[in-house]
Amino acid sequence: MKNITNFDFTNKKAIVRVDFNVPLNDKFEVTDDTRIVAALPTIKKIAETGAVILMSHLGRPKGKDEKFSLKHILPKLSELVGKEVMFVNDCIGEEVKEKVASLKNGDILLLENLRFYPEEKKGDRNFAKQLAELADVYVNDAFGTAHRAHASTAIIADFFPENKMFGYVIEGELESLHKVLDEPKRPLTAILGGAKVSSKITVIEKLLEKVDNLIIAGGMTYTFVKARGGKIGTSLVEDDYLDMANNIVKKAKELNVNLILPVDILNADDFAPDANTQVTPVDEIKDGWMGLDIGPKTIEIFKKVITESKTVIWNGPTGVFEMDKFANGTIQVANALVDATEKGCFTLIGGGDSVAAIKKYKLENKVSYVSTGGGAMLEFLEGKALPGIEAIRK
Ligand code: AMP
C-alpha cells in the first residue's frame, strides 16, 4: 500500500476526497472549521510538490442547489491553507477537465459538491470513472464517509490500482483505533453513553471481548436497570432489549469484564431545562420522574476507573448534556479523561455527541484523539469492513 508521507507527488495531480461537510450560518459562512483544519496536513503535503484537486459533499442537496455549493467554503479554505484555492462550478465535465489541465504544481482546485449528482451516493461506476480521469493519484482523507460505498469514497479507487492511498486524517483515525482495539495498554476502559442500547448493542458486544472495564451510562442505563428489576420511573427504556441487557451482564461476567453501571441518578420531573431535580439510587427512581444524568457517587466511581486506566475509549454522553442541569456527569467524565491523558493514558473520543460535548467544554486538545467520523467509527468498532478503507487496502 502506498503511503502519503513517502509518495512523490512531483508533477502529479492528486484527487483528494475530503470531508468538507461543514456547518454554515444563514450568511453561508463556515461556523465550525474543524474538518477543514483536519484536512490541511494532507493538502499541504501534496501541494508541496504536486497539484491538488479537492472533492467533497456538503449537506444533502436534491440535485444542483446553490445553497449547498462548496463555493461558500472557499474564503475559509483559502485563509486556512494560506493561499488562494481555485474553484470550478462542477465536479465532472469539460469545464472541469480544462481547469484541471491548467493546474501547475502547488495549485489547489476545489470541485463543486459531489452530491449535486445522485450518481455519487449510488456509487455509480461511470461517475467515479469521470472523477478518476482528472488525476494520476487518488487520496482518501474523508473518514466521516468511509463507511459509505459512494463513487468518490470507494468506487473511484478501482481506477487507481497502483496510486491510491489514505490521507493523514484517515491514517490518524486508523492509528488511534489500532491503539485501542489491537494493542491497548491496560487497563482498557470503554465508556458508552448516549440514548439507546439498540444503536450501540453491536459495539457493546464487540468491546466486551476487548476491554477490562465497560462503563454504561446515559439513556441506555435504564434498560439495564429495568431488566434486573429496578424501578426506573419514566426514564428512557427499550423494552425489546431487556433480555439483551441481561445477556450483556452475563457475558461480561463470563469474560471477566468489570461492567459498571451508575449507582445513583439525577432525576427530573420533566424533560425540561427548568425541571425539578432529585438524586436517587439508580434502582429507585420514583413514578413520574426520569433519570437524565448520573449522580455524585457514580461520578466518583467513573472518575476512579477512568483515571486508573491506560487506554480509554468514550462514545456517548452520560446524560442530557444539552441542558446545563444535566451536563455535570458528562463534564466530569470529560475532565477525568483529561486527567487520565495527563498521566499518560491514551484517550480516544468518538461518535457525534461525545465529540460535541468535548468541544463544548473546550477540552478537545487535552485528550489524545478526537475522531472526525461518528458513524464510521461506530461501524469500525462493530468490526464491520468500511468500504472507503477496504478500497484503498485491497
Ligand atoms: P447517541 O447519539 O446515542 O450518542 O445519544 C446522544 C443523546 O443521548 C444526547 O442527545 C443526549 O441528550 C441523550 N441522552 C443521554 N442521556 C440520556 C437520558 N438519560 N435520557 C434521555 N436521553 C439521554
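First listed ligand is number 1; within each ligand, the first listed atom is number 1. The first residue in the sequence is number 1, and the count goes up from there.
- Heavy-atom proximity to Gly291, at under 4.0 Å, picks out these atoms of ligand 1: 18 (C), 19 (N), 20 (N).
- With hydrogens and angles disregarded, a donor-acceptor distance shorter than 3.5 Å links the side chain of His72 to the backbone of Glu66.
- In this structure, CD1 on Ile46 lies 4.5 Å from CZ on Phe9, to the nearest 0.5 angstrom.
- Closest to atom 5 (O) of ligand 1, if we only count protein heavy atoms, is Ala195 N, 3.0 Å.
- The 12-atom threshold is not exceeded at NZ of Lys366, counting heavy atoms of other residues, nucleotides or ligands nearer than 6.0 Å.
- At a 3.5 angstrom cut-off on N or O pairs, Glu322 counts as close to ligand 1.
- Proximity to Gly194 (heavy-atom distance under 4.0 Å) selects the following atoms of ligand 1: 1 (P), 3 (O), 4 (O), 5 (O), 6 (C), 8 (O), 15 (C).
- Contact annotation: for Met290 versus ligand 1, there are no heavy atoms closer than 4.0 Å.
- With a heavy-atom cut-off of 4.0 Å, Asp353 touches ligand 1 through its side chain alone.
- Short contacts between ligand 1 and Gly218, defined as distances under 4.0 Å to a heavy atom of the residue, involve ligand atoms 16 (N), 19 (N).
- Residue Lys200 has at least one nitrogen or oxygen atom sitting less than 3.5 Å from a nitrogen or oxygen atom of ligand 1, judged on distance alone.
- Counting only heavy atoms from C-beta outward, the side chains of Arg125 and Asp158 approach each other to under 4.5 Å.
- For ligand 1, the polar-atom distance check finds an N/O of Gly219 within less than 3.5 Å of one of the ligand's N/O atoms.
- Between the choices Val320, Thr221, Asp293, the shortest heavy-atom distance to atom 21 (C) of ligand 1 belongs to Val320.
- The closest approach between a heavy atom of Tyr222 and any atom of ligand 1 is below 4.0 Å.
- Remark: ligand 1 and Pro317 share no N or O pair separated by less than 3.5 Å (distance only, no angle test).
- Between the side chain of Glu112 and the backbone N or O of Leu70 there is at least one donor-acceptor pair closer than 3.5 Å.
- Partner of Lys303 under the side-chain contact (heavy atoms from CB on, under 4.5 Å) criterion, chosen from Ile299, Ile301, Val305: Ile299.
- Side-chain atoms of Asn105 come within 3.5 Å of backbone N or O of Asn11 as a donor-acceptor pair.
- Between Arg148 and Thr153, the side chains place no donor N or O within less than 3.5 Å of an acceptor N or O (distance only, hydrogens not considered).
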